[in-house]
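The analysis underlying the following values was restricted to heavy atoms, covering all of them including side chains, and did not include hydrogens, waters or symmetry mates.
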Amino acid sequence: MRVILLLVLFFRLSLLLPAQTPGILLAPNPSAPDQRAAHILQGYLERMTGQPVRILASLKVPAQGALVVIGNHPNLQLMGLQRSPSLNDEAYYLHGKNNAFLIAGGGELGPEYGVYDLLERLGCRRYSPRDSIIPRIPKLHLPELPPTLEQPAFPYREL
């Protein structure tokens, strides 16, 4: 009887504990496209999780929570992630492992395309400027993904 009571108490307390907030890590001195992509991702993740999402630009790697790295951070190996190869304009590279996810992009729009790819993998859909689906994910867990390089077939898209 005591074991069941302890389990129920533990379960109730775990519901009261705040979820670990996701973070976005930029390399020191990030490029303008990487910063823009980080702000786009921050807005979506805050809407999905209902929690504030911090953007960090440092050499330190946070120890807890889901972490998205944008750009080739010098400490990727500590997270088990591989550096991206050199990328053509608008190409992007993704790698997800151990609740860490790398997005690296080439040119002005590559990082943004990588962010939108991750958001689609998390269940987001944008059908038009008015119509979109943003799922509610209080405890974000980033997908596992082997190193993936995406190269667009043509340089410009417009609806």
- request: Would you confirm whether His95, through its side chain, and Pro146, through its main-chain N or O, come within 3.5 Å as a donor-acceptor pair?
  value: no
query: Atom CG in Leu81, atom CD1 in Ile103: separation rounded to 0.5 Å?
result: 11.0 Å
field: Residues in side-chain contact (heavy atoms from CB on, under 4.5 Å) contact with Glu108, at least two apart in sequence or another chain
entry: Pro33, Arg36
query: Rounded to the nearest 0.5 Å, how far does CG of Leu145 lie from CG of Leu102?
result: 10.0 Å
statement: OG1 of Thr21 to NZ of Lys139, rounded to nearest 0.5 Å, is 13.0 Å
message: Within this structure, what is the CD-CD1 distance for the pair Gln51 and Ile137, rounded to the nearest 0.5 Å?
response: 11.5 Å
statement: Residue set satisfying side-chain contact (heavy atoms from CB on, under 4.5 Å) with Asn98, at least two apart, ordered chain then number -> none
field: Gap between atom CZ of Arg83 and atom CG of Asn72 - 0.5 Å precision
entry: 4.0 Å
Side chain proximity check, Pro111 to Gln35, heavy atoms < 4.5 angstrom: no
query: Can you name the closest pair of heavy atoms from Asn99 and Leu142 and give their distance?
result: OD1-N, 2.7 Å
query: Hey, does Asp89 have a side-chain heavy atom less than 4.5 Å from the side chain of Pro152?
result: no
Salt bridge (charged side-chain N to carboxylate O under 4.0 Å, His left out) contacts in which one or both residues fall within residues 114-136, not counting sequence neighbours: Asp117-Arg121
Nearest non-hydrogen partners of Thr49 and Val53, listed with the distance: OG1-CG2, 4.5 Å
- prompt: Are Ile133 and Tyr127 side-chain neighbours, meaning at least one heavy-atom pair lies under 4.5 Å?
  reply: yes
Sequence-distant partners of Ser132, side-chain hydrogen bond (donor to acceptor under 3.5 Å, both in side chains), two or more places apart: none
query: What heavy-atom pair brings Gly96 and Phe101 nearest, and what distance separates the two atoms?
result: CA-CD1, 3.5 Å
- prompt: Can you tell me if Glu112 uses its side chain to pair, donor with acceptor, with the backbone of Ala37 under 3.5 Å?
  reply: no
Val115 and Ile70, any side-chain heavy atoms less than 4.5 Å apart: yes
message: Set out, in order, the CA-CA distance, both residues' side-chain angles and the distance that settles side-chain contact (heavy atoms from CB on, under 4.5 Å) for Met79 and Val69, then state yes or no.
response: CA-CA 10 Å; Met79 296 171 268; Val69 181; 3.7 Å; yes
query: If you round to the nearest 0.5 Å, how far is CD of Glu144 from NE2 of His141?
result: 6.0 Å
Quick one: side chains of residues 22-30, donor-acceptor pairs under 3.5 Å with protein atoms, not counting sequence neighbours, listed by atom name and distance.
none

Sidechain-backbone polar pair: Glu150 side chain, Tyr92 backbone, donor-acceptor under 3.5 Å: no
message: To check you understand the geometry: which heavy-atom pair defines the closest contact between Ser84 and Tyr93, and what is its length?
response: CB-CD2, 3.2 Å
Main-chain N/O of Asp34 paired with His39 side-chain donor or acceptor, under 3.5 Å: no
statement: Hits for side-chain hydrogen bond (donor to acceptor under 3.5 Å, both in side chains) against Gln151, two or more places apart or cross-chain, chain-then-number order -> Asn88
message: List the residues meeting side-chain contact (heavy atoms from CB on, under 4.5 Å) with Arg47, not counting sequence neighbours, and say none if there are none.
response: Ile134
